[in-house]
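Below you'll find the structure, written out as structure tokens, and then a few comments.
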Amino acid sequence: MVKVSMDLESKKKKVADLIKLIEKSKTIGIVNLEGLPARQLKIVRAKLKNNLLFVFSKKTLLKRAFEGTKREHVKQLVKFLDGINPVVVFTELDAFELFRLFKTSRQMVAAKPGQTVPVNIIVSAGPTPFAPGPAISELAALGLKTKVEGGKIHIREDRQVIKAGDKISGGAASILAKLGITPMQIGVTLTYVLENKDLYKAAVLDVDIGKYTEDLKTAFLNAVKVAMEIGFATKETIVMMVQRAYRGAKALEDKIAPKE
């Protein structure tokens with residue numbers, strides 16, 4: 001009986017601690033750890049430890065905390081815990097910055113047998129680390145033409161060996177890994193983010209900041225051009241409008257004023 005009581009108390013404390021984090025954090029993210037090796041998770045946590053807090057807990061306790069908070073908008077996160085291996089992250093970053101951090105922390109790794117490759121894999125011509133031997137037949141199995149130079153196997157020409165969407169065989173996975181080809185991207189998968197009262201699905205947060213900034217600049221310049229053409233005065237256009245009016249008036253004066 002004592003053991004059960006202590007276990008219950010520890011669960012209550014865990015839920016209470018979670019509620020405190022929920023109520024003081026600006027942004028809460030739901031992360032799915034499905035398929036992420038422990039080593040990669042450790043690397044990501046080390047990289048991001050100064051910006052956010054990972055909280056590992058049982059789903060039942062997470063749900064109780066989400067349901068028990070005074071922040072009404074957090075309660076909707078409960079339904080996003082099902083069907084995944086969830087971890088909750090807490091941060092003061094905004095949702096877009098949180099997504100960007102996770103995206104930039106992704107790593108490229110070698111493909112494993114049976115995995116579906118997301119990109120075309122092209123093996124470039126040049127030297128390999130292999131000495132003449134069994135590797136020649138392994139490379140030939142991928143359709144690669146080889147020759148031996150300076151005691152090493154060289155690939156004679158570039159060749160696409162796997163198409164995007166194909167599953168990789170054990171032999172191909174082994175030889176590509178030995179060649180240092182890493183087509184698979186792994187990392188923490190952010191599914192949903194609640195920033196204050198705003199809920200975002202991860203796909204919405206995947207914004208190309210550079211392109212977005214350039215698009216905004218272009219839109220602003222086009223808006224200024226339209227405003228200038230229709231004579232719409234704003235703080236951005238008024239100086240240019242006065243300058244243009246002055247130049248027009250000066251040109252007209254020069255045209256009609258009698259010359260001495």
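- Between the side chain of Asp158 and the main chain of Ala125, a donor-acceptor pair closer than 3.5 Å is present.
- The cluster map of Ile, Leu, Val, Met, Phe, Trp and Tyr, joined by side-chain heavy atoms under 4.5 Å apart, puts Val87 and Leu98 in the same cluster.
- Looking at Asp94 and Lys26, their side chains come closer than 4.5 Å, going by heavy atoms from C-beta outward.
- Hydrophobic clustering places Val89 together with Leu41 (ILVMFWY residues linked when any side-chain heavy atoms are closer than 4.5 Å, directly or through intermediates).
- Counting all heavy atoms, side chain and backbone alike, Lys63 lies closest to Leu81 at CG-CD1, 3.6 Å.
- Between the side chain of Arg106 and the main chain of Val188, no donor-acceptor pair closer than 3.5 Å is present.
- Shown here for Pro183 and Val119, the closest heavy-atom pair between the two residues is CB-CG2, 4.1 Å.
- Aromatic ring pairs are classed by plane angle as parallel below 30°, tilted from 30° to 60° and perpendicular above 60°; the pair Phe96 and Tyr200 is perpendicular.
- In this structure, Ile153 and Ile136 have side chains that are in contact, with non-hydrogen atoms separated by less than 4.5 Å.
- Between Ile84 and Ile30, the closest side-chain pair of non-hydrogen atoms falls below 4.5 Å.
- A donor-acceptor pair under 3.5 Å is absent between the side-chain atoms of Ser174 and the main chain of Gly170, judged by distance alone.
- The pair Lys147-Glu149 counts as a salt bridge, with a side-chain nitrogen and a carboxylate oxygen less than 4.0 angstrom apart.
- Between Phe130 and Ile175, some side-chain heavy-atom pair lies under the 4.5 Å cut-off.
- The local environment of NZ in Lys75 is crowded, with over 12 non-hydrogen atoms from other residues, nucleotides or ligands closer than 6.0 Å.
- Contact check for Thr189 versus Val31: no side-chain heavy atoms found under the 4.5 Å cut-off.
- Under the 3.5 Å distance criterion, the side-chain polar atoms of Arg64 are left unmatched by any main-chain donor or acceptor of Val15.
- Between Asp206 and Lys201 there is no salt bridge, since no side-chain N of the basic residue sits under 4.0 Å from a carboxylate O of the acidic one.
- With contacts defined as side-chain heavy-atom distances shorter than 4.5 Å, the pair Phe54/Lys49 does not qualify.
- Leu199 and Phe66 fall within a single hydrophobic cluster, where Ile, Leu, Val, Met, Phe, Trp and Tyr side chains are chained together by heavy-atom contacts under 4.5 Å.
- Counting heavy atoms of neighbouring residues, nucleotides and ligands inside a 6.0 Å radius, atom NZ of Lys112 does not exceed 12 of them.
- Tracing side-chain contacts under 4.5 Å through hydrophobic residues (I, L, V, M, F, W, Y), one reaches Leu139 starting from Val117; they form part of the same cluster.
- Using a distance-only test at 3.5 Å, with no hydrogens or angles considered, a donor-acceptor pair links the side chain of Asn120 to the main chain of Ala164.
- Counting heavy atoms of neighbouring residues, nucleotides and ligands inside a 6.0 Å radius, atom OH of Tyr246 does not exceed 12 of them.
- Nearest heavy-atom pair across Val88 and Leu62 is CG2-CD2, 3.6 Å.
- Under a 3.5 Å cut-off, the side chain of Ser25 and the backbone N or O of Phe90 do not form any donor-acceptor pair.
- If you chain together hydrophobic residues whose side chains sit under 4.5 Å apart, Phe80 and Phe56 never meet in one group.
- Side chain of Asn196 to backbone of Asp198: no donor-acceptor contact under 3.5 angstrom is found.
- For the residue pair Thr69 / Glu23, a side-chain donor-acceptor distance below 3.5 Å is found, with atom types taken as modelled.
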